[in-house]
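The structure appears right after this line, and notes come after that.
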Amino acid sequence: MRIAIAGFQHETNTFVSGLTDLPDFEQADSWPELLAGDAVVTGTQGMNLPIAGFAQACEEDVELCPILWCAAEPGGRVTDRAFDTIVSRITDALGQFGTVDAVYLDLHGAMVTQSHDDGEGEVLKRVRTAIGPDVPLVASLDMHANVSPTMVEIADLLTVFRTYPHIDMAETGARAYRHLRNMIAHGRPAKAWRQADFLIPLHAQHTGADPALSLYDQIAGFDHQNGQLAELALGFTAADVLDVGPSILAYAAAQSDADRVADEMLARLIAAKPEFDVTLMSADAAVSTAMAMDGDKPVVIADVQDNPGAGASSDTTGLLRALIQHRAGNAILGLIHDPELAQRAHALGRNARFQAYIGGRGPNDAPVKAKVRVHYLSDGRCPYTGAMYGGGIATLGPSAALEIEGTGIHVVITSVRNQCLDLAQFRHFNLHPERARILCVKSTAHFRADFAPIAQAILLAETPGQFPCALENVAYENARKMDTWPYQRSAK
Ligand SMILES: [Zn+2]
C-alpha cells in the first residue's frame, strides 16, 4: 500500500494589501520551515499537525511517499510564483512515484492566490490531473476553510478540525487516514455539501463554549464505523471570495444518508445562529473593566483584530495606548512585530535604556513613543508548551521584552510575525504571566487553550487591525449574497 502525502497551507486575508511569496513558505514561523522528502515525516513527528497525525496513524502495511509540507504565516494573497512552484513540486513528484494507491493532502481551505480565489480547489484540480480519476484523494482542512464546490467535487473526502483553538489537528490527520483506508477497502462514499447563508466572526467561533461546543459534539455524533462522516467548517471571514463562510460536509455509503445528515446539521447550525456571541468592547472599556476586577488571577484582553494568525500586522498600538493612558500597571502585551525595534534592543543590550518607537507602522496608526528598558533578549527560538502547539518551536527571530519605564508594562517585540497563543511566548522572556494583572494578546481565539486556565476573565477588544471582526463594517465585494446577520453586503 503506497500513499503519497503532501501539505500546503495558507489562510489568506484578502483585506491585506501585501502578498505572500515563496520565501514566506520556506521560512519557519509559528510552524516549521518547508520540509521535503522524508523530512516531512521526521520534521513534524510528535507535532499537532494534520500530516503528523496522518503519518502516525499509518499501519505497518503502508509505505508513505512524502513529497513536501509547507505553510506561511497568514497574510495577503499568495503569489502565482509561490503557488505554481509548490504545486508543481507536488505534481512532478506524483508523476515520478509511478502508481500510488492513494493521495493525502494537508490543506487549509482558505487560500486565495493572485489568480485563483479558490486556492485549494486549484491545488486539488492539478493533483487530480496528475493522478487520474481512479486514485483516492483525501484532504484535511482547517475549520476556517471556505469550502468550494470544486473542492467537494474533486476530493473524494474532506475532513475538518473540530476545535478552535485547534487542539485536534493531528487527530484530524488520523481521521483522514482511517477514512482513506475505509475508502480503499469499501469504495468511495456518496457526498453531500451545504453552505450557510451567513458569516460567523471568528471571535464567536471558539469551541470552548456554546453554540460551537454543542455543534461539534453533534458532528462527532454522526461518526460511525461504516465510513459515515459529517464535518463542519465555520469559514474564514477575511477572505472576500464567493464561497466565504460556514459549510457542512457529509459522507455515507448511500446518497440519501449523506443528504439527510447534511440537512440535519445545517438545520442545527441555522438554529444556533442567534447564540453566537459577537460582542466586542472598546480598548478603553476593556482596560478599565480589567482594572476594576479584583480576583487574584490575571485578566486577559484579546486584541482580536490584530491577530497575525489571521493575516494582521501584529503591530497596532490601540491597546498599548489604552494600557498606558489608564495607568494599568502590572501588564504584559505581546507579540508586537517590529524587527527594527528588536534589532535596536539587541544592539544596545540587556538593561539598556532608550527612547523607543513601538509598532504602529501601518496606515492610520503611529508608533508609541516611550522610554524603555531592555528587560530580556532572545534569538527567538521558543519551544511551545501549550496544548495547541506543544512539541513544536516558535521562530520569533531576534526578539526582546521591553519595560516601559515607570509604568509596570512589559511588551514583547519580535522580528518574525507570530500569534501570541502560548504562555511560553512570555515566559521565554523571563516574564511571569500568572503574576501579571492584565495580559494582552494579539490573538482572536487560539490564546484560549493556554491562557484561559490562568485567567479570571477574558475580554475581547476591538482596536484597529487588519483582521476585521465587526463584520457589519466590512465591505465585501465578492462574497455571495447572504442573510444580513451579522454581515451586510456593501451598498456597491
Ligand atoms: Zn484556523
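Remark: the backbone N or O of Gly76 is not paired with any side-chain donor or acceptor of Asn13 at under 3.5 angstrom. A distance-only check finds no donor-acceptor pair linking the side chain of Thr159 to the backbone of Glu231 [under 3.5 Å]. Counting only distance, with no hydrogens or angles, the side chain of Gln456 and the backbone of Val299 share no donor-acceptor pair below 3.5 Å. The backbone N or O of Pro23 lies less than 3.5 Å from no partner atom in the side chain of Asp21, so there is not a single donor-acceptor pair. For Arg437 (side chain) and Ala290 (main-chain N/O), no donor-acceptor pair under 3.5 Å exists by modelled atom type. Proximity of a side-chain donor or acceptor of Glu11 to a complementary backbone N or O of Ala110 within less than 3.5 Å is not detected. Judged purely by atom type and a 3.5 angstrom limit, Thr14 uses its side chain to pair as donor or acceptor with the backbone of Asp240. Asp306 contributes a side-chain N or O that, together with a main-chain N or O of Asp315, makes up a donor-acceptor pair within less than 3.5 Å. Checking side-chain atoms of Asp338 against main-chain N and O of Gly359 turns up a donor-acceptor pair under 3.5 Å. Looking only at distances, a side-chain donor or acceptor of His375 sits under 3.5 Å from a matching main-chain atom of Asn430.
For His432 and Phe426, the distance between ring centers is not under 6.0 angstrom. With ring centers used as reference points, Phe161 lies 6.0 Å or more from Tyr216. For an aromatic pair to be called close, the ring centres must be under 6.0 Å apart, and His10 with Phe83 fails this. You'll find the ring centres of Phe8 and Phe25 inside the 6.0 Å limit.
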Applying side-chain hydrogen bond (donor to acceptor under 3.5 Å, both in side chains), run through Thr316 and Asp365 and close with a yes or a no. CA-CA 7 Å; Thr316 64; Asp365 201 4; 4.9 Å; no

What's the verdict on side-chain contact (heavy atoms from CB on, under 4.5 Å) for His337 and Lys442, showing C-alpha distance, side-chain angles and the deciding distance? CA-CA 10 Å; His337 177 237; Lys442 289 182 178 291; over 6 Å; no

Arg162 and Asp217: CA distance, side-chain angles, deciding distance, salt bridge (charged side-chain N to carboxylate O under 4.0 Å, His left out) verdict: CA-CA 9 Å; Arg162 296 172 177 182; Asp217 272 352; over 6 Å; no

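For the pair Leu34/Leu22, no side-chain contact is recorded, criterion being any heavy-atom separation below 4.5 Å from C-beta on. For the pair Thr12 and Thr20, the minimum side-chain heavy-atom distance is 4.5 Å or more. Within the 4.5 Å cutoff, side-chain heavy atoms of Leu202 are placed close to those of Phe467. Glu462 places none of its side-chain heavy atoms less than 4.5 Å from the side chain of Cys469. Thr44 has its side chain out of reach of Trp31: every pair of non-hydrogen atoms, C-beta onward, lies at least 4.5 Å apart. Counting only heavy atoms from C-beta outward, the side chains of Leu341 and Ile336 never approach each other to under 4.5 Å. Looking only at side-chain heavy atoms (C-beta outward), Tyr389 and Met169 come within less than 4.5 Å of each other. Between Thr113 and Val87, every side-chain heavy-atom pair lies at or beyond the 4.5 Å cut-off.
In plain terms, the two heavy atoms of Trp69 and Pro32 that are nearest each other are CZ3-O, 3.7 Å. When every heavy atom of Pro433 is checked against every heavy atom of Pro298, the shortest pair comes out as O-CG, 3.6 Å. In this structure, Leu396 and Gln425 approach most closely via the heavy-atom pair CD2-NE2, 4.5 Å. Closest heavy-atom contact between Gln355 and Lys371: OE1-N, 3.7 Å.
Within a 6.0 Å sphere centred on CZ of Arg435, other residues, nucleotides and ligands contribute 12 heavy atoms or fewer. Within a 6.0 Å radius of CD in Gln205, other residues, nucleotides and ligands contribute more than 12 heavy atoms. Crowding of Gln27 atom CD: a count of heavy atoms from other residues, nucleotides or ligands under 6.0 Å exceeding 12. Other residues, nucleotides and ligands place no more than 12 heavy atoms under 6.0 Å from the CD atom of Glu340. No more than 12 heavy-atom neighbours from other residues, nucleotides or ligands sit within 6.0 angstrom of CZ on Arg381. Heavy atoms of other residues, nucleotides or ligands lying less than 6.0 angstrom from CD of Gln343 number 12 at most.
Here CD1 of Ile409 is found 6.5 Å from CG of Leu320. Values are rounded to the nearest 0.5 Å.
Salt bridge Asp284/Arg321: absent, no basic N to carboxylate O contact under 4.0 Å. Salt-bridge annotation for Asp84 and Arg126: present, with a side-chain N of the basic residue lying under 4.0 Å from a carboxylate O of the acidic one. Under 4.0 Å is where a charged nitrogen must lie from a carboxylate oxygen, and between Arg353 and Glu403 no such pair does.
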